[in-house]
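Bear in mind the structure is a predicted one, so any value in this text is a computation, not a measurement.
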Amino acid sequence: MEAVKLKKYTFAEYLALEEASGEKHEYHDGKVYAMSVGSLNHSMLGHNIGRAVGNHLEDDDRDCIVLTSDLRIALDFSNTYVYSDGFVICGEPIYSKQDKNAVTNPLLIIEVLSKKTRAYDRGEKFWKYKHLPSFREYVVIEQKEPVVDVCTRQADGSWNTTTTIGLEDSIHLHSLGFSIPMKTIYRSVKGLQKPT
């Protein structure tokens, strides 16, 4: 990610930029970063897993919804507002006091990796997500090969990562209590490489 300008933005200036630009930007305590444009495969992977989770939740008694990258996640402890590729909220959404288009209570967050965002999504962004009290599970999807990491918060606050490789297996979402076949996640994705 590259900063839009080498200046510090107030949060009000950031919101005005978001409204006027038609593009998405993340806000990191005064620094504004333009979001990368996603590929067809990136979009398809986000849609496939979002649809699978949404279909399951329709048959579930819990009051949970799947949301897309149109809504920001507020990380108030660091004055940061970010976009994920998808997330799940159970119960009523809790909105940021500063931003009516940002929530603070995702249960599960989904990121589809790209070359530009891989280190950020696995590093700083995940570290910041961990500060959200509601956050229990992180799903990280590789684009070029069928590999998905599911990071699950344990009772003691530590995180356990399960890596699923190949199209014949399934990932398990502990926070929601069901599994999704890898074939469903990678449906219609072109040019998949053999996992190395």
Side-chain angles (χ1 to χ4, degrees), residues 1-54 64-90 92-135 137-144 149 151 185 188-191:
M1 292 193 323
E2 292 183 25
V4 173
K5 288 183 183 174
L6 296 176
K7 72 167 247 181
K8 234 175 161 171
Y9 285 76
T10 67
F11 191 67
E13 288 172 331
Y14 163 69
L15 290 179
L17 174 69
E18 281 292 86
E19 246 180 69
S21 74
E23 296 176 359
K24 292 177 183 170
H25 302 83
E26 290 190 348
Y27 182 82
H28 294 255
D29 196 27
K31 294 180 182 175
V32 173
Y33 298 89
M35 298 299 295
S36 310
V37 176
S39 66
L40 175 64
N41 281 349
H42 188 285
S43 179
M44 201 172 300
L45 287 162
H47 171 77
N48 286 350
I49 192 168
R51 183 182 63 198
V53 173
C64 300
I65 54 174
V66 181
L67 298 159
T68 66
S69 62
D70 292 327
L71 191 64
R72 289 182 285 274
I73 296 173
L75 303 157
D76 291 331
F77 86 97
S78 63
N79 194 25
T80 301
Y81 294 79
V82 299
Y83 292 96
S84 69
D85 291 309
F87 58 101
V88 173
I89 290 178
C90 292
E92 286 297 314
I94 300 171
Y95 293 94
S96 164
K97 291 175 184 170
Q98 283 198 100
D99 182 1
K100 63 181 171 51
N101 292 313
V103 293
T104 63
N105 64 323
L107 173 76
L108 177 146
I109 299 174
I110 299 162
E111 294 288 1
V112 178
L113 300 179
S114 69
K115 189 175 180 181
K116 286 185 179 180
T117 66
R118 173 176 277 101
Y120 169 59
D121 287 343
R122 288 187 177 278
E124 179 187 352
K125 199 172 194 183
F126 185 29
W127 179 81
K128 287 184 177 181
Y129 284 152
K130 288 177 183 179
H131 287 78
L132 296 167
S134 62
F135 181 47
E137 205 148 44
Y138 192 45
V139 180
V140 182
I141 303 171
E142 290 285 351
Q143 272 192 76
K144 297 192 176 195
D149 285 340
C151 308
I185 297 170
S188 301
V189 171
K190 305 295 183 206

A.B. asks: Using 0.5 Å steps for rounding, measure from the CG atom of N48 to the CD1 atom of I141.
C.D. replies: 9.0 Å
A.B. asks: When you look at S96 and Y81, which way does the side chain to side chain donor-acceptor pair (under 3.5 Å) test go after all the steps?
C.D. replies: CA-CA 10 Å; S96 164; Y81 294 79; 3.3 Å; yes
A.B. asks: Decide yes or no for V82 and K128: does some side-chain heavy atom of the first lie under 4.5 Å from some side-chain heavy atom of the second?
C.D. replies: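 Of all side-chain heavy-atom pairs linking K128 with V82, none is under 4.5 Å.
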A.B. asks: Evaluate Y120 against K125 for side chain to side chain contact (heavy atoms under 4.5 Å, CB included), listing each step before the verdict.
C.D. replies: CA-CA 6 Å; Y120 169 59; K125 199 172 194 183; 3.5 Å; yes
A.B. asks: Going by the angle between their ring planes, with limits at 30° and 60°, are Y14 and F11 parallel, tilted or perpendicular?
C.D. replies: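 Plane angle between 30° and 60°, so tilted.
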A.B. asks: What is the minimum heavy-atom distance between A102 and L71, and which atoms define it?
C.D. replies: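 Here A102 and L71 meet closest at N-CD1, 4.2 Å.
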A.B. asks: How close do C64 and V88 get, heavy atom to heavy atom, and via which atoms?
C.D. replies: CB-CG1, 4.1 Å
A.B. asks: Quick one: does I49's side chain get under 4.5 Å of D85's, heavy atoms only?
C.D. replies: no
A.B. asks: How long is the straight-line distance from CG of D121 back to CG of D149, given to the nearest 0.5 Å?
C.D. replies: 12.0 Å
A.B. asks: Which heavy atom in S21 sits nearest to a heavy atom in H25, and how many Å separate them?
C.D. replies: OG-CE1, 3.3 Å
A.B. asks: Look at the side chain of T10 and the backbone N and O of E13, then say whether any donor-acceptor pair between them is shorter than 3.5 Å.
C.D. replies: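 Checking the backbone N and O of E13 against the side chain of T10, a donor-acceptor pair under 3.5 Å is found.
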A.B. asks: Answer yes or no: is there a side-chain heavy-atom contact under 4.5 Å between L15 and Y27?
C.D. replies: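 Side chain of L15 against side chain of Y27, heavy atoms only: no contact under 4.5 Å found.
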A.B. asks: Got a sec, which residues hit salt bridge (charged side-chain N to carboxylate O under 4.0 Å, His left out) with K24, two or more places apart in sequence or on another chain?
C.D. replies: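 Only D70 meet the salt bridge (charged side-chain N to carboxylate O under 4.0 Å, His left out) criterion with K24.
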A.B. asks: Extract all donor-acceptor atom pairs below 3.5 Å that involve side chains of residues 38-47 and protein atoms in other chains or at least two apart in sequence.
C.D. replies:
unit_1	atom_1	unit_2	atom_2	d
S39	OG	H42	N	3.1
S39	OG	Q143	OE1	2.8
N41	OD1	K190	N	3.2
N41	ND2	K190	O	2.8
H42	NE2	V112	O	3.1

A.B. asks: Calculate, to the nearest 0.5 Å, the distance between atoms CG and CZ belonging to L67 and R72 respectively.
C.D. replies: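 Here the rounded value is 13.5 Å.
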A.B. asks: Between OH of Y33 and OG1 of T117, what distance do you get to the nearest 0.5 Å?
C.D. replies: 14.5 Å
A.B. asks: If you look at every heavy atom in N105 and C90, which pair is closest and at what distance?
C.D. replies: ND2-O, 4.4 Å
A.B. asks: Roughly how far, to the nearest 0.5 Å, is the CD1 atom of I109 from the CD1 atom of I73?
C.D. replies: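 Spacing of CD1 (I73) from CD1 (I109) equals 4.0 Å.
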A.B. asks: Is the number of heavy atoms from other residues, nucleotides or ligands under 6.0 Å of K144 NZ greater than 12?
C.D. replies: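 Open: at most 12 neighbouring heavy atoms sit under 6.0 Å from NZ of K144.
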A.B. asks: Is there side-chain contact between N79 and Q98, with at least one heavy-atom pair below 4.5 Å?
C.D. replies: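 In contact.
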A.B. asks: Kindly compute the distance separating CG (L107) from CG (L132), expressed to the nearest 0.5 Å.
C.D. replies: 11.0 Å
A.B. asks: Suppose we screen for ring pair (Phe, Tyr, Trp, His ring centres under 6.0 Å). Which residues come up paired with F87, at least two apart in sequence or across chains?
C.D. replies: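 Per chain and number, F87 pairs via ring pair (Phe, Tyr, Trp, His ring centres under 6.0 Å) with no residue.
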A.B. asks: Could you please spell out the steps behind the ring-ring contact (aromatic ring centres under 6.0 Å, His included) verdict for Y138 and W127?
C.D. replies: CA-CA 11 Å; Y138 192 45; W127 179 81; over 10 Å; no
A.B. asks: Identify the two heavy atoms, one from Y83 and one from S69, that lie closest to each other, and give their separation to 0.1 Å.
C.D. replies: CD2-O, 2.9 Å
A.B. asks: Between E111 and R122, is the closest basic N to carboxylate O distance under 4.0 Å?
C.D. replies: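 Answer for the salt bridge query: no.
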A.B. asks: Quick one, M35 and E26 - any side-chain contact, counting heavy atoms below 4.5 Å?
C.D. replies: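 Yes; the side chains approach each other to less than 4.5 Å.
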